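To start, the structure under review is shown below, and the notes come after it.
Small disclaimer: the values here were computed from a predicted structure and weren't measured.
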Amino acid sequence: MTFTTDTPVTWQYLDIDAQNQATIANSRVSVAQLIQEKHAHGWSPEELHFQHPEISLAAIYSALSYYYTYQTQIDAQIAQEQEEIQNLQADLITMGVGHHTADFKQRLQQKRQQQG
């Protein structure tokens, strides 16, 4: 999902591609990923920095600022990605592939018994 911004703005510490997908500069962590971690774990900016020591606290605050500026669009992007993941998981279950299969569960149980 792409969205447009009203005015071109430069966000310090962020790299923003042509589709307005923002990542922390010099990292592979996207703003959307950081926000999902924040929401899932209730992490503060300081905790996000603790979990990602390679990212400066200033960069985390820049990412949060970007998110709160474009929250509606980024939340929609996250929801769309989650829906795609759920659809792919459903396809794997339908095909009988992955960790949801009885065969996988049986092999896991056997491995646990061998170890224990």
Side-chain angles (χ1 to χ4, degrees):
M1 167 179 252
T2 63
F3 59 92
T4 58
T5 58
D6 297 334
T7 349
V9 177
T10 302
W11 294 86
Q12 191 172 12
Y13 307 108
L14 301 181
D15 292 329
I16 303 171
D17 67 16
Q19 289 78 35
N20 290 318
Q21 303 295 316
T23 57
I24 309 295
N26 302 315
S27 82
R28 297 175 66 158
V29 179
S30 70
V31 170
Q33 176 186 344
L34 207 64
I35 292 305
Q36 288 178 77
E37 291 177 10
K38 180 184 183 325
H39 289 165
H41 304 292
W43 290 343
S44 67
E46 291 76 14
E47 182 64 25
L48 288 166
H49 175 59
F50 180 78
Q51 297 297 328
H52 296 279
E54 73 282 6
I55 301 173
S56 72
L57 192 54
I60 289 171
Y61 275 106
S62 183
L64 293 173
S65 175
Y66 183 84
Y67 169 70
Y68 288 118
T69 301
Y70 301 108
Q71 183 173 1
T72 303
Q73 296 93 329
I74 294 171
D75 285 347
Q77 171 195 350
I78 291 169
Q80 180 182 358
E81 290 171 358
Q82 291 298 319
E83 184 178 342
E84 289 172 11
I85 289 168
Q86 290 172 349
N87 289 339
L88 290 171
Q89 287 174 333
D91 290 346
L92 289 174
I93 291 169
T94 301
M95 294 183 327
V97 178
H99 66 277
H100 296 288
T101 64
D103 180 53
F104 177 85
K105 291 177 183 178
Q106 182 181 12
R107 286 185 291 141
L108 181 62
Q109 177 105 14
Q110 289 173 347
K111 192 163 231 162
R112 286 182 178 157
Q113 288 173 349
Q114 291 171 353
Q115 292 174 351

Problem set entry | Selection residues 58-87 - residue pairs positive for salt bridge (Lys or Arg N to Asp or Glu O under 4.0 Å), sequence neighbours left out | none
What's the separation between atom [atom1] in [X] and atom [atom2] in [Y], rounded to the nearest 0.5 Å?
| X | Y | atom1 | atom2 | result |
| --- | --- | --- | --- | --- |
| I55 | L48 | CD1 | CG | 8.5 Å |
| Y13 | L57 | OH | CG | 10.0 Å |
| N20 | Q77 | CG | CD | 9.5 Å |
| I16 | T23 | CD1 | OG1 | 8.5 Å |
| I35 | Y68 | CD1 | OH | 5.5 Å |
| L34 | Y67 | CG | OH | 11.5 Å |

Problem set entry | Check: S62 side chain, A58 main-chain N or O, donor-acceptor pair, under 3.5 Å | no
For this session: Ignoring hydrogens and angles, tell me if any N or O in the side chain of S65 forms a donor-acceptor pair with the backbone of Y61 under 3.5 Å.
Result: no
For this session: Might you work through the side chain to side chain contact (heavy atoms under 4.5 Å, CB included) test for L92 and L88, ending with a clear yes or no?
Result: CA-CA 6 Å; L92 289 174; L88 290 171; 5.7 Å; no
Would you tabulate the side-chain donor-acceptor contacts of residues 109-116 under 3.5 Å, counting partners in other chains and residues two or more places apart, or write 'none'?
none

Problem set entry | Pairs flagged by side-chain hydrogen bond (donor to acceptor under 3.5 Å, both in side chains) wherever residues 26-39 is involved - sequence neighbours left out | Q33-E37, Q36-Q82, E37-H52
Problem set entry | Closest non-hydrogen atom pair between V31 and A63, with its separation | CG1-O, 3.6 Å
For this session: Quick one: sort the Y70 and Y66 rings into parallel, tilted or perpendicular, breaks at 30° and 60°.
Result: tilted
